[in-house]
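Before any comments, here is the structure.
What you see is a predicted model, and the numbers here were worked out from it, not measured in a lab. Just so it is clear: chains get the letters A, B, ... in the order the sequence lines come, proteins before strands, and each one is counted from 1. Reckoned from all heavy atoms, side chains included, excluding hydrogens, waters and symmetry mates.
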Protein chains: 2
Amino acid sequence: MTRTRLTAQERHVQLVAAALQAFAQGGYAGTTTDQVARIAGVSQPYVVRLFGSKQELFLATLRYAGDRIEAKWRAAAADDPTLERLGAAYEDLLAERELLVVLLHGYAAAGDPVIGDAVRDCYGRLYWVVRELTGADPDQTRGFFAMGMLITVLGSMRVLGPDPVPLPPWATELLSAFPGD
Amino acid sequence: MTRTRLTAQERHVQLVAAALQAFAQGGYAGTTTDQVARIAGVSQPYVVRLFGSKQELFLATLRYAGDRIEAKWRAAAADDPTLERLGAAYEDLLAERELLVVLLHGYAAAGDPVIGDAVRDCYGRLYWVVRELTGADPDQTRGFFAMGMLITVLGSMRVLGPDPVPLPPWATELLSAFPGD
DNA sequence: CTTAGTTGTTATCGACTGATAACTAAGCAC
DNA sequence: GTGCTTAGTTATCAGTCGATAACAACTAAG
């Protein structure tokens, strides 16, 4: 079987997808470029060369996650430009938990100046998108993002989303009146 | 100068404090036992031997952070057993950002089964404490934790708490109507 | 003083990891 | 088909890290 050669651009896309899986699982420091390479089926040095460094790959992955969330929200707003609709769209994203978890890793790792800048940019972008799409005032928007962070954390803890752990009592109670379920 | 010898118990306490600083900065995988040892002024192998493994040290640090938050809330509730009061107490904890950030690292790293169990236990404990102290219903409690997660993430991003980064416009707007400021 | 328990250190190792360099081969233009 | 560009590999390394083992030093009891 002859390997199919991809363009550098196609390989970039494929590697970011692989990195999303890997980084969501292990975080920035806890993931090796070799793990990403194996998922994508290429050699480890090639990953490093395509992105320049592991950090650049992580930043690209954060940007990708932000892009996906923005796109999801824009699609939802085209249907109904309300916070409720966007909230439902965000809950849908739990189906691809890696998207949210990799950003959570980014927030936690914001102590690193480079990652901090990237993650603040991402958050700010999403903030303006929500305001632009829904016209919600800052107070409502803050409440929206608060619930979003709770969903994100619960998703990361496997209490929400696919393949949840056996739910402890506190979790079932906390989620009992959850709009989306 | 002769080194002061501490009891193993005192050393444990001191090392958890050091680990809190270090793990908050770099996360679980991104922090070395040597960094923790240097902060505490002991040798790296001694840290490992006292806790058995790096993972045990991290778990001890998570428990400590949970304990501190619980204690803060109990003290606040003795003053006034309302969600508002506990929320103000939580914002006060931003002064010790490491406490919140190390837990955030824990949530993000919940993909590891051992850390996941620990972090779910911690979250559940805090959930019951809030309900017990304030008598709030699940719906109100969920809103409380949602705002708590937003505060935690913004604190980790250095947008809230001590030594903030120069605030981008989205951040000032998001915080404009913030109760605590 | 001596013996024993506890606190701590230095020495060392095997495994791992990101990165670099040198090399190979596929596709495309002419 | 020949030569150039681009995609991808193997080989290798210097640095790092958690862990283990062996040893040293302080303290207290009898």
Side-chain angles (χ1 to χ4, degrees), chain A residues 1-62 102 105 109 112-115 118, chain B residues 1-62 102 105 109 112-115 118:
Chain A
M1 66 170 225
T2 44
R3 282 274 169 66
T4 43
R5 272 166 65 117
L6 303 183
T7 67
Q9 198 176 15
E10 288 169 328
R11 204 53 102 177
H12 264 85
V13 171
Q14 185 200 28
L15 280 173
V16 167
L20 182 71
Q21 303 295 321
F23 282 130
Q25 177 69 216
Y28 174 57
T31 300
T32 70
T33 53
D34 190 59
Q35 288 176 282
V36 176
R38 280 178 200 281
I39 294 174
V42 298
S43 66
Q44 176 266 330
Y46 194 41
V47 173
V48 173
R49 211 177 52 182
L50 273 184
F51 287 86
S53 69
K54 179 184 172 181
Q55 190 177 67
E56 284 298 328
L57 173 59
F58 187 64
L59 294 178
T61 307
L62 289 179
V102 84
H105 274 292
D112 177 309
V114 178
I115 294 176
Chain B
M1 68 172 227
T2 45
R3 283 273 171 66
T4 42
R5 272 165 64 116
L6 303 183
T7 66
Q9 197 176 15
E10 288 169 327
R11 203 54 99 177
H12 265 85
V13 171
Q14 185 200 27
L15 280 174
V16 167
L20 183 69
Q21 303 297 320
F23 281 131
Q25 177 69 216
Y28 174 57
T31 300
T32 69
T33 53
D34 190 59
Q35 288 176 283
V36 176
R38 281 177 199 280
I39 294 174
V42 297
S43 67
Q44 176 267 331
Y46 194 40
V47 173
V48 173
R49 210 179 50 183
L50 275 184
F51 287 86
S53 70
K54 178 185 172 180
Q55 188 176 67
E56 284 297 329
L57 173 59
F58 187 63
L59 295 178
T61 307
L62 289 179
V102 83
H105 274 292
D112 177 307
V114 178
I115 294 175

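Computed from coordinates, the B/L6 CG to D/dC26 P distance equals 15 Å when rounded to whole Å. Residue B/E56 contributes atom CD, which lies 15 Å from atom C1' of D/dA19 at whole-angstrom precision. One interatomic measurement links the two molecules: CG of B/L50 to C1' of D/dA19, which rounds to 14 Å at whole-angstrom precision. Nucleotide C/dT10 holds its P atom 12 Å from the CD atom of B/Q44, rounded to whole Å. The distance between atom CD of A/E10 and atom P of D/dT6, rounded to the nearest whole Å, is 15 Å. In this structure, NE2 of A/H12 is placed 14 Å from C1' of D/dT6, rounded to the nearest angstrom. One atom, OH of B/Y46, and another, C1' of C/dA11, lie 18 Å apart when rounded to the nearest Å. In this structure, NZ of B/K54 is placed 9 Å from P of D/dC17, rounded to the nearest angstrom.
Scanning all heavy atoms of the two residues, the minimum distance from A/Q44 to A/D34 falls at CB-OD1, 3.5 Å. Closest non-hydrogen pair, B/T61 versus B/A19, comes out as OG1-CB, 3.4 Å.
Annotation: the span from A/R5 atom CZ to A/R11 atom CZ amounts to 10.0 Å, rounded to 0.5 Å. Atom CZ of B/F51 is separated from atom NE2 of B/H12 by 4.0 Å, given to the nearest 0.5 angstrom.
For the pair B/K54 and B/Y28, the cation-pi criterion (under 6.0 Å, within 45° of the ring axis) is fulfilled.
Heavy-atom contacts from other residues, nucleotides or ligands closer than 6.0 Å to CZ of A/R38 number 12 or fewer.
Using a 4.0 Å cut-off, no side-chain N or O of A/R11 falls inside it from OP1 or OP2 of D/dA7.
Comparing A/V48 and B/S43 against DNA chain C, the residue whose closest nucleotide sits nearer the 5' end is B/S43. Of the two residues contacting DNA chain D, namely B/R49 and B/Q55, the nearest-nucleotide position lying further toward the 5' end is that of B/Q55.
You'll find that the side chain of B/A8 is closest to C/dT7, out of D/dA19, C/dT7, C/dT20.
For the contact set between residues 17-36 of chain B and DNA chain C, defined by any heavy atom under 4.0 Å, there are no members.
For B/R5 against C/dT6, a side-chain-to-base donor-acceptor contact under 3.5 Å is present.
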One pair to check against side chain to side chain contact (heavy atoms under 4.5 Å, CB included): A/L57 and A/L50. What are the steps and the verdict? CA-CA 9 Å; A/L57 173 59; A/L50 273 184; over 6 Å; no
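A 3.5 Å limit on both hydrogen-bonding distances identifies C/dC1 as the Watson-Crick or G-U partner of D/dG30.
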